[in-house]
K.L.:
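I'd like to ask some things about the structure below.
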Amino acid sequence: MSRLVKKSPSVCTDLPLDNADIWNKLVLLRQLLTSCFGPTARLKQVHNNIGGHVVTTSASSVLLPAISSSQPFINLIKTSILNHVSRFSDCGLFAGIFCLALIEQAKQSGLRANVSIRVNRHLLALCTSYLQREDCGCKVNLDFCSSQNLITLARSIISSKPACVLTEPEILHISKLAVQAFLLTVPCTSPGTVSLGRVVTVPVEGHPVLNSAVFPGLLVDIPDGLCLSSADHLCSSLNMVLFSASLAGDLSELGDGIIEVHQGVDTESQILDQLLELGKQVVKDEVKLFMCQKVIHPVLQQYLRSHGIIVVERLGITLMEPLTELTGAQPVAALHSVIPAKAYGKVKDLSIRQFGSKTMLHLHPVGESAICTMILCHRNETMLSELKVVCQKTEHVLRLTLREPSALLGGGCTESHLAAHVRHQTKNEVSEMVSALQCSHTEYLHGVEAFCFSLESVARALEHDGGNSLIDLTHAHHWTLPAGIMKEHMEDSLCSCGCGLVQSSPCRKWTYLNTKYAEFPPAPLLRENTVHPRVLDSFTAKLNALQVAVETANLALEVRYIIQDVN
């Protein structure tokens with residue numbers, strides 16, 4: 001009884017945004033995310049204070065789960081961003097920076113929370129309706145007859161993750177591979193409902209990035225020394241069988257329930273006899289490839305190999321679904337029954353591929369298959385781990401283009417263009433919106449300025465080397481002026497905007513992005529066939545990130561009490 005501790009009462013925090021500790025943590029989180037944004041971002045090394053793996057990254061999907069906080073208010077924002085990333089794979093840093101900037105601007109402007117919320121909702125609707133218009137000035141239509149914009153989109157995602165430590169040729173090579181892998185997962189001749197395939201990523205450490213490659217079909221690890229006989233290549237297809245049950249011969253693998261064993265019965269020999277009967281059946285059925293998710297008994301392996309059957313064990317659960325899609329096999333989940341004929345699958349051909357220390361068996365599909373394998377090479381484990389995550393996210397973003405074949409201009413141009421559009425649109429609706437939003441004229445203008453300033457802060461977050469962010473007063477695109485350049489030499493230093501579509505000219509005028517400027521309608525771009533964007537962002541991901549950022553910021557502004565159980 002002396003060890004019992006009296007339960008502590010829950011801690012209640014009133015008006016969390018007025019709490020200095022919570023506010024400082026919000027500012028620190030914004031600074032952290034801002035420093036990770038863009039191709040020249042600063043990397044973060046995260047390590048908890050009780051040991052464990054050191055994470056080196058600038059990607060929100062890796063960084064945020066590695067950061068722990070005891071403050072529920074911080075976890076609310078972090079969880080919201082991670083939920084967006086889990087669904088759309090991109091624009092997590094954009095959502096986080098924009099959300100935290102909205103909260104900070106609402107607090108610093110002195111606006112009432114309910115007014116900020118109503119203005120934010122109205123301006124979000126204004127932005128989303130503009131982005132979904134056909135004549136939107138910061139949207140690019142993707143043409144699937146050409147891979148150029150798809151490669152640009154992939155390259156923009158990969159180049160924004162400096163922890164991958166890639167050179168320009170390596171970035172281009174991986175971008176092309178990502179697009180190639182994506183296109184291989186889209187079936188060409190499948191009638192009816194189209195089901196997308198998948199990319200299986202195999203990391204290979206210690207080899208140059210340019211050795212990375214994409215192969216149609218599936219590559220699986222096999223033991224060294226496996227040889228394929230020439231007879232295997234004479235058939236138009238090879239029979240194969242796939243087991244999801246363990247074939248190690250353990251009693252525990254027979255399932256749940258009570259096992260009755262008669263006295264004097266050798267259970268091991270009986271199980272082994274059952275395994276060998278299984279082997280005899282697959283030999284009779286002319287199976288050439290025997291695969292198992294788990295372990296195969298050495299005696300069964302030897303029996304199968306003595307009959308010319310290729311044996312692959314310990315596949316793991318992640319390869320089971322791609323294997324069934326590629327071969328048409330149905331995984332066999334038990335060893336006590338006869339294998340039905342419909343459980344067998346087929347592969348067209350088998351070959352051996354060597355990647356450094358990895359020996360892999362290449363399974364070629366009989367017909368068209370939307371399964372492919374990406375071999376990713378890099379110099380060390382940390383870089384390879386980041387590259388694998390980025391390539392998987394890139395594949396997901398490319399898939400989103402099938403739903404909405406559009407992209408947004410990158411390099412901060414969408415954010416600066418949207419801010420200019422919002423300022424121009426709201427100028428002529430002040431009286432109408434003041435009445436609809438139940439706020440004063442001044443409050444509405446302050447709310448608009450806070451929203452636009454927050455958008456522009458995302459564009460400014462791309463610069464980490466002391467340069468200045470500018471906006472041109474024609475198209476409202478984002479420009480970066482390197483540090484140390486005087487204003488009179490500005491034209492010589494500015495070649496093109498952040499996305500690369502607008503070129504510098506003597507008649508063009510700029511102003512600093514963090515200063516007030518007279519509102520103007522952003523002029524549409526005259527698209528030339530010879531000029532293509534240099535940086536693109538995912539339309540679907542950024543549109544959802546915009547909504548998530550505003551809704552999360554509004555939720556944070558609405559929180560009045562935080563009640564936390566500290567026991």
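Since we're looking at a predicted model, the values are computed, not measured. Worth knowing before you read on, the calculation uses all heavy atoms, side chains too, and leaves out hydrogens, waters and symmetry mates.
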K.L.:
State, yes or no, whether a side-chain contact exists between Phe355 and His207 at a heavy-atom distance under 4.5 Å.
P.N.:
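No - every pair of side-chain heavy atoms lies 4.5 Å or more apart.
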K.L.:
Count the heavy atoms of every other residue, nucleotide or ligand shown that sit under 6.0 Å from CD of Glu381, and state whether that count exceeds 12.
P.N.:
no
K.L.:
Enter the distance from Leu462:CG to His464:NE2 here, rounded to the nearest 0.5 Å.
P.N.:
6.5 Å
K.L.:
So, for Leu142 and Ser406, which heavy atoms are closest and what is the spacing to 0.1 Å?
P.N.:
CD1-O, 3.8 Å
K.L.:
Please determine, by modelled atom types, if Thr57 and Glu386 share a side-chain donor-acceptor pair under 3.5 angstrom.
P.N.:
yes
K.L.:
Restricting to side-chain contact (heavy atoms from CB on, under 4.5 Å), what partner residues turn up for Leu276, sequence neighbours left out?
P.N.:
Leu272, Val299, Tyr303
K.L.:
In a table with atom names and distances, give each donor-acceptor pair under 3.5 Å that connects a side chain of residues 156-166 to protein atoms at least two apart or in another chain.
P.N.:
{"residue": "Ser156", "atom": "OG", "partner": "Thr152", "partner atom": "O", "Å": "2.7"}
{"residue": "Ser156", "atom": "OG", "partner": "Leu536", "partner atom": "N", "Å": "2.9"}
{"residue": "Ser156", "atom": "OG", "partner": "Leu536", "partner atom": "O", "Å": "3.3"}
{"residue": "Ser159", "atom": "OG", "partner": "Arg155", "partner atom": "O", "Å": "2.8"}
{"residue": "Ser159", "atom": "OG", "partner": "Ser156", "partner atom": "O", "Å": "3.4"}
{"residue": "Ser160", "atom": "OG", "partner": "Ser156", "partner atom": "O", "Å": "3.4"}
{"residue": "Ser160", "atom": "OG", "partner": "Ile157", "partner atom": "O", "Å": "2.7"}

K.L.:
Considering residues, nucleotides and ligands other than Glu286, do more than 12 of their heavy atoms fall under 6.0 Å from its CD?
P.N.:
no
K.L.:
To the nearest 0.5 Å, what is the distance between CE (Met291) and CE (Met320)?
P.N.:
9.0 Å
K.L.:
Search all heavy atoms of Ala343 against all heavy atoms of Ile339 and return the closest pair with its distance.
P.N.:
CB-CG2, 4.1 Å
K.L.:
If you take all heavy atoms of Leu184 and Cys372, which pair is closest and at what distance?
P.N.:
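Nearest heavy atoms, Leu184 then Cys372: CD1-CB, 3.9 Å.
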K.L.:
Strictly by modelled atom types, are Ser35 and Lys44 linked by a side-chain donor-acceptor pair under 3.5 Å?
P.N.:
yes
K.L.:
What's the spacing between Leu278 CG and His297 NE2 if we round to 0.5 Å?
P.N.:
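Going from the CG atom of Leu278 to the NE2 atom of His297 covers 13.0 Å.
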K.L.:
Just wondering, do Asp143 and Asn149 contact through their side chains at under 4.5 Å, heavy atoms?
P.N.:
no
K.L.:
Could you tell me which residues satisfy side chain to side chain donor-acceptor pair (under 3.5 Å) with Arg379, sequence neighbours excluded, listed by chain and number?
P.N.:
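With neighbours one apart ignored, the set is Glu170.
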K.L.:
Could you list all the salt bridge (Lys or Arg N to Asp or Glu O under 4.0 Å) pairs where at least one residue sits in residues 391-414, not counting sequence neighbours?
P.N.:
Glu395-Arg399
K.L.:
Checking side chain to side chain donor-acceptor pair (under 3.5 Å) between Glu313 and each of Gln301, Gln293, Lys294, which is the one that passes?
P.N.:
Gln301
K.L.:
Measuring only between side-chain heavy atoms, which start at C-beta, is Leu408 closer than 4.5 Å to Lys139?
P.N.:
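Yes; the side chains approach each other to less than 4.5 Å.
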K.L.:
Among residues two or more places apart or on two chains, list those pairs meeting ring-ring contact (aromatic ring centres under 6.0 Å, His included) that have a residue in residues 271-295.
P.N.:
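Counting only pairs at least two positions apart or across chains, the ring-ring contact (aromatic ring centres under 6.0 Å, His included) contacts touching residues 271-295 are Phe243-Phe290.
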K.L.:
Identify each donor-acceptor pair in which a side-chain atom of residues 540-547 lies under 3.5 Å from a protein atom, sequence neighbours left out, and give them as a table.
P.N.:
{"residue": "Lys542", "atom": "NZ", "partner": "Glu415", "partner atom": "OE2", "Å": "2.7"}
{"residue": "Lys542", "atom": "NZ", "partner": "Asp537", "partner atom": "OD2", "Å": "2.8"}
{"residue": "Asn544", "atom": "ND2", "partner": "His84", "partner atom": "ND1", "Å": "2.8"}

K.L.:
Run the salt bridge (Lys or Arg N to Asp or Glu O under 4.0 Å) test against Arg42 and tell me which residues pass, sequence neighbours left out.
P.N.:
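Arg42: salt bridge (Lys or Arg N to Asp or Glu O under 4.0 Å) contacts with Asp465.
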K.L.:
Grab the two heavy atoms, one from Gly92 and one from Ser60, that are nearest each other, plus how far apart they are.
P.N.:
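Closest approach of Gly92 to Ser60, heavy atoms only: CA-OG, 3.5 Å.
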K.L.:
Under the 3.5 angstrom rule, does the side chain of Ser89 hit a backbone N or O of Gln392 as a donor-acceptor pair?
P.N.:
no
K.L.:
Pairs in or reaching into residues 363-396: which pass ring-ring contact (aromatic ring centres under 6.0 Å, His included), with residues at least two apart or in two chains?
P.N.:
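Every ring-ring contact (aromatic ring centres under 6.0 Å, His included) pair that includes a residue of residues 363-396, provided the two are not neighbours, is His362-His364.
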K.L.:
Evaluate the side-chain contact (heavy atoms from CB on, under 4.5 Å) criterion for residues Ile375 and Asn211: first the C-alpha distance (whole Å), next the side-chain angles of each, then the deciding distance (0.1 Å), finally the verdict.
P.N.:
CA-CA 8 Å; Ile375 303 294; Asn211 286 0; over 6 Å; no
K.L.:
With sequence neighbours excluded, give me every salt bridge (Lys or Arg N to Asp or Glu O under 4.0 Å) pair touching residues 206-218.
P.N.:
none
K.L.:
Tell me which pairs pass salt bridge (Lys or Arg N to Asp or Glu O under 4.0 Å) where either residue lies in residues 72-81, with sequence neighbours left out.
P.N.:
none
K.L.:
Is there side-chain contact between Cys99 and Ile77, with at least one heavy-atom pair below 4.5 Å?
P.N.:
yes
K.L.:
With a 4.5 Å heavy-atom cut-off, do Val199 and Phe182 have their side chains touching?
P.N.:
no
K.L.:
Is it true that a side-chain atom of Thr414 and a backbone atom of Gly410 form a donor plus acceptor pair closer than 3.5 Å?
P.N.:
no
K.L.:
Just wondering, do Ser212 and Ile174 contact through their side chains at under 4.5 Å, heavy atoms?
P.N.:
yes
K.L.:
Determine, stepwise, if the pair Phe144 / Leu402 fulfils side-chain contact (heavy atoms from CB on, under 4.5 Å).
P.N.:
CA-CA 9 Å; Phe144 287 98; Leu402 296 173; 4.1 Å; yes
K.L.:
With a 4.5 Å cut-off on side-chain heavy atoms, are Pro365 and Lys348 touching?
P.N.:
no
K.L.:
Please give me the minimum heavy-atom distance between Leu150 and Leu398, naming the atom from each residue.
P.N.:
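Answer, listing the atom of Leu150 first, then Leu398: O-CD2, 3.9 Å.
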K.L.:
With side chains defined as the heavy atoms from C-beta onward, is the minimum distance between Thr201 and Cys391 less than 4.5 Å?
P.N.:
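Counting from C-beta outward, Thr201 and Cys391 never come under 4.5 Å.
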K.L.:
Are Ser58 and Leu63 close enough, and set up right, to give a side-chain contact (heavy atoms from CB on, under 4.5 Å), and what steps lead you there?
P.N.:
CA-CA 7 Å; Ser58 65; Leu63 178 68; over 6 Å; no
K.L.:
Not counting sequence neighbours, which residues clear side chain to side chain donor-acceptor pair (under 3.5 Å) with Thr34? List them please.
P.N.:
none
K.L.:
Among residues at least two apart in sequence or on other chains, which ones pass salt bridge (Lys or Arg N to Asp or Glu O under 4.0 Å) with Lys176?
P.N.:
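If we apply the salt bridge (Lys or Arg N to Asp or Glu O under 4.0 Å) test to Lys176, skipping adjacent residues, there are no hits.
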K.L.:
Working to the nearest 0.5 Å, report the span between CD1 of Ile371 and CG of Leu219.
P.N.:
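That separation rounds to 13.0 Å.
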K.L.:
In Å and rounded to the nearest 0.5 Å, what is the CG to OG1 distance from Leu177 to Thr394?
P.N.:
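Answer for the CG-OG1 pair, Leu177 versus Thr394, is 11.5 Å.
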K.L.:
What distance do Leu387 atom CG and Thr382 atom OG1 have between them, rounded to the nearest 0.5 Å?
P.N.:
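That separation rounds to 12.5 Å.
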K.L.:
Give me the atom names and distance for the closest heavy-atom approach of Cys413 to Cys499.
P.N.:
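Nearest pair, atom of Cys413 first, then Cys499: SG-N, 3.3 Å.
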K.L.:
Looking at Ser69, is its backbone amide N or carbonyl O close enough to the side chain of Asn75 to form a donor-acceptor pair, meaning the two atoms are under 3.5 Å apart?
P.N.:
yes
K.L.:
Apply side-chain contact (heavy atoms from CB on, under 4.5 Å) to Leu242 and Val332, showing your working.
P.N.:
CA-CA 6 Å; Leu242 177 63; Val332 181; over 6 Å; no
